[in-house]
Amino acid sequence: MSSIPRGIGLYGSEYSTQAQRIGLTSGAVPIAIYGLGKMGLPLASVYAEMSGNVTGVDIDEDVVRMINRGECHIDGEPGLPELVSEQVERGRFEASSDSRKVAKDSSVHVVIVPTLINEEHEADLGALESVCADVGSGLDPGDLVIIECTVPPRTCEEVVMPILERESGLSRGEFGLAFCPERTSSGKALYKLREAHPKIVGGIDDESTRIAEMIYGEITNNDVIPVSDATTAEAVKVFEGLYRDVNIGLANELGRVTDSLGIDTTEAIEAANTQSYCNIHTPGIGVGGHCIPYYPYFFMQQVPEQTPLIQTARDVNDSMPGFAVEKLLDGLSRRHTDIDGAKVLVLGVTYRAGVAETRATPAAPLIEELQGLGADVYATDPLVDVTEFGAASVDLENVTDDDYDAAVLVTAHEQFQNIDWNEFADMIVVDGRQALDLSDTDHYVYTIGVGPGEMREKGRVGQ
Ligand SMILES: NC(=O)c1ccc[n+]([C@@H]2O[C@H](COP(=O)([O-])OP(=O)(O)OC[C@H]3O[C@@H](n4cnc5c(N)ncnc54)[C@H](O)[C@@H]3O)[C@@H](O)[C@H]2O)c1
Ligand SMILES: CC(=O)N[C@@H]1[C@@H](OP(=O)(O)OP(=O)(O)OC[C@H]2O[C@@H](n3ccc(=O)[nH]c3=O)[C@H](O)[C@@H]2O)O[C@H](CO)[C@@H](O)[C@@H]1O
């Protein structure tokens, strides 16, 4: 069976589906991936593994240089350094910072740049719009654009499509556009890209959906689920995030009433979750990252109707660092220690364990509130520099060289398991992630979702 000729597009192709597939997997279809970060680099590597003709684009020249040396700038992703090195060495994957040139030379354009929110909680699509303008400048008839970064529903129709048409001079029907949300999370990216979740695809027209379905059918070993259109696919991704934020909000609300109930709430949640329809998430010190805390605002911005449940869950989750401070103050009052001038150690500033990402981290409001109360705040994190939050930096290896009045665990980095807590003089500890077992120490511990230290002696379901 012959392949489609090199360099031509798949959208509206008159070649057989088989010839298109052969073209796709033999390198005849040049593919560009825009954004080579925590998600983009794994995605580009898996695309290169499938097609053999991938150019990644990033505005960070250091990222581009490292990749072209076959190096991987993303830590904590099993298998990724080896895949990047192999694909670059075999000439199947290269990187560039010249998005307009790459756009001109490519037929499939996959966009996975940051989509964030600004101070006013409005969607910040600046990077997406900039990339789409560059892609549009190099768009040819038959090309397909795939958006993988999470966006407010209707973005493909109302933002991306107009930019592509304006910059290319082409019209709807001459090229394709599909939304195919990235459902992976850091730490298992290659596994999740290839296996863990079905891939959702939704095009602005049936031909776009068809091609996106064909492409991801060559990438994932899981199912590919086509939905009615791009807006539906955008909603699927946002709905997943809304579900998670509201569910965590429920867990945190239950965690806040632990003391009133006099139970280990997490034990009750774990037991409740033995019912197959129940999946209450885990109480913690807050919800960080540039996904879950951001997506509710993507949704609320698009729907004029009131969304009290979504907003309330956001408010509950954002209240958790303050809840941790309340428990810290309770503990200090037991020792007749004033927060003003107290030495407090914050363990972890990234939004979750093992991921070097601090966007929307609960550590930021926690440190700000503690400093506002007059505490001297110190912090340590194995992955990132803590001084960006105004805390004094402490090396983890020497963390027990000094004593503190209190400590708050924000991030359950595995490196914290090596701390010998008996090295510290008696202190108050607030465990925000149920990560510590200090039962063999004299410290007073409050664990969010569990309660005061002595509560941890109870048996736990599944332990
Ligand atoms: N991180 C996750 O767990 C995750 C999971 C699913 C979906 N997503 C979605 O993917 C998006 C990207 O996530 P990430 O974790 O890879 O972000 P990231 O911050 O790790 O990486 C983004 C990369 O894009 C580059 N970039 C920024 N502007 C650019 C531009 N104009 N042109 C080219 N490159 C540009 C940056 O230099 C950086 O290397 C998120 O905003 C989210 O919508 C993220
Ligand atoms: C729907 C879903 O699962 N989406 C995942 C999510 O991945 P993520 O990397 O953003 O990380 P999460 O695990 O969601 O954590 C976020 C924050 O919530 C805290 N948390 C978590 C669970 C809990 O029970 N209690 C908590 O308090 C945690 O500490 C952290 O601060 O978004 C990605 C982008 O869309 C997805 O691709 C990925 O599938």
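Side chains are part of it too, since the values below use all heavy atoms of this structure and drop only hydrogens, waters and symmetry mates. Order of listing sets the numbers, starting from 1, for every ligand and every atom in it.
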Note: heavy atom closest to atom 23 (C) of ligand 2, options I269, T282, I292, D245, belongs to T282
Using heavy atoms and a 4.0 Å limit, tell me yes or no: is K237 in contact with ligand 2? yes
Strictly under 4.0 Å, does any heavy atom of S99 approach an atom of ligand 1? no
Under 3.5 Å between some N or O of ligand 1 and some N or O of R359? yes
Please list, in number order, the atoms of ligand 1 under 4.0 Å from a heavy atom of I112. 10 (O), 12 (C)
Looking only at protein heavy atoms, which one is nearest to atom 39 (O) of ligand 2, and what is the separation? R183 O, 3.1 Å
Give yes or no for whether the N/O distance cutoff of 3.5 Å, strictly under, is met between D58 and ligand 1. yes
Could you tell me whether some N/O pair between T184 and ligand 2 is separated by less than 3.5 angstrom? yes
Evaluate T115 for polar contact with ligand 1, using N/O atom pairs at a separation under 3.5 Å. yes
Atom 21 (O) of ligand 1: which protein heavy atom is closest, and how many Å away? G37 CA, 3.2 Å
So is Y295 polar-close to ligand 2, meaning N/O to N/O under 3.5 Å? yes
Which residue and atom name correspond to the protein heavy atom nearest atom 42 (C) of ligand 1, and how close is it? Y295 OH, 3.9 Å
Okay, side chain of S208, backbone of A178: is any donor-acceptor separation there less than 3.5 Å? no
Distance to 0.1 Å, residue and atom name: give those for the protein heavy atom nearest to atom 7 (C) of ligand 1. E182 O, 3.5 Å
Which ligand 2 atoms are under 4.0 Å away from a heavy-atom of H281? 24 (O)
Got more than 12 heavy atoms from elsewhere within 6.0 Å of CD, Q371? yes
Check against side-chain hydrogen bond (donor to acceptor under 3.5 Å, both in side chains), T232 and D229: CA-CA 5 Å; T232 304; D229 53 34; 2.7 Å; yes
Between ligand 1 and K38, is the shortest N or O to N or O distance under 3.5 Å? yes
Ion pair E148/K199, N-O distance below 4.0 Å: yes
Within 4.0 Å of some non-hydrogen atom of G35, the atoms of ligand 1 are 24 (O), 34 (N)
Contact check: T150 vs ligand 2, nitrogen or oxygen atoms, below 3.5 angstrom: no
Angle class for the Y297/H121 ring planes (parallel below 30°, perpendicular above 60°, tilted otherwise)? parallel
Could you give me the CA-CA distance, side-chain angles and deciding distance for V377 and F389, then say whether side-chain contact (heavy atoms from CB on, under 4.5 Å) is met? CA-CA 10 Å; V377 182; F389 300 103; over 6 Å; no
With side chain to side chain contact (heavy atoms under 4.5 Å, CB included) as the test, pick out the partner of I280 among I248, T265, N273. N273
I'd like to know if the side chain of S168 reaches the main chain of L164, judged simply by a donor and an acceptor atom lying under 3.5 Å from each other, with no hydrogens or angles considered. yes
Starting from atom 5 (C) of ligand 1, which protein heavy atom do you reach first, and at what distance in Å? T184 O, 2.9 Å
Any chance the side chains of D330 and Y444 put a donor and an acceptor closer than 3.5 Å? no
Of the listed options Y351, Y294, F239, closest to atom 31 (O) of ligand 2 (non-hydrogen atoms): Y351
So which of P181, P114, G241 gets nearest to atom 22 (C) of ligand 1, if we judge by its closest heavy atom? P114
For M39, counting its heavy atoms only, list the atoms of ligand 1 lying under 4.0 Å from any of them. 1 (N), 2 (C), 3 (O), 4 (C), 5 (C), 14 (P), 15 (O), 16 (O), 44 (C)
Determine yes or no for a side-chain-to-main-chain donor-acceptor pair under 3.5 angstrom, with R92 supplying the side chain and A48 the backbone. yes
Return a yes/no value for G288: is any of its N or O atoms, backbone included, closer than 3.5 angstrom to an N or O of ligand 2? yes
With heavy atoms of V131 as the reference, note each atom of ligand 1 found under 4.0 Å away. 30 (C), 31 (N), 32 (N)
Which of the atoms of ligand 2 are close to S185, meaning less than 4.0 Å from one of its heavy atoms? 7 (O), 9 (O), 38 (C)
Among protein heavy atoms, which sits nearest to atom 33 (C) of ligand 1, and what does the distance come to when rounded to 0.1 Å? I59 N, 3.7 Å
Atom indices of ligand 1 within 4.0 angstrom of C291 heavy atoms, with elements: 2 (C), 4 (C), 44 (C)
Do the side-chain N and O atoms of Y11 and D205 include a donor-acceptor pair separated by under 3.5 angstrom? yes
Nearest option to atom 11 (C) of ligand 1, as decided by whichever heavy atom of V113, V64, I147 sits closest: V113
Closest protein heavy atom to atom 11 (O) of ligand 2, given as residue, atom name and distance to 0.1 Å: R352 NE, 3.2 Å
Determine, stepwise, if the pair R183 / H197 fulfils side-chain hydrogen bond (donor to acceptor under 3.5 Å, both in side chains). CA-CA 7 Å; R183 306 176 101 182; H197 308 304; 5.8 Å; no
So among T220, L80, L190, L41, which one has a side chain to side chain contact (heavy atoms under 4.5 Å, CB included) with V46? L190
Surrounding CD of E120 (heavy atoms of other residues, nucleotides or ligands, distance under 6.0 Å), is the total greater than 12? yes
Check: N252/N317 side-chain N/O donor and acceptor closer than 3.5 Å: yes
Among G284, G286, P293, closest by any non-hydrogen atom to atom 19 (C) of ligand 2: G286
Below the 3.5 angstrom mark, is there an N/O of R433, backbone or side chain, next to an N/O of ligand 2? yes
Got the closest protein heavy atom to atom 1 (N) of ligand 1, with its distance? H290 CE1, 3.4 Å
Mind checking whether V410 and V349 have side chains closer than 4.5 Å, heavy atoms only? no
Looking at E49 and L83, would you say the former's side chain and the latter's main chain have a donor-acceptor pair under 3.5 Å? no
Atom 34 (C) of ligand 2: nearest protein contact (heavy atom, Å): C291 SG, 2.9 Å
Would you say that S185 contacts V355 through its side chain, given a criterion of any heavy-atom pair below 4.5 Å between the two side chains? no
Does the N or O separation between R244 and ligand 2 drop below 3.5 Å for any pair? yes
Which pair of heavy atoms, one from Y47 and one from V54, lies closest together, and at what distance? C-CG2, 3.7 Å
Side-chain donor/acceptor of E77 to backbone N/O of K188, under 3.5 Å: yes
Backbone or side-chain N or O of R183 under 3.5 Å from ligand 1 N or O: no
Applying a heavy-atom cut-off of 4.0 Å, say which part of V63 lies close to ligand 1: side chain, backbone, both or neither. neither
Taking only non-hydrogen atoms of I248 and a 4.0 Å limit, the atoms of ligand 2 in range are 18 (O), 20 (N), 21 (C), 22 (C), 23 (C), 25 (N), 26 (C), 27 (O)
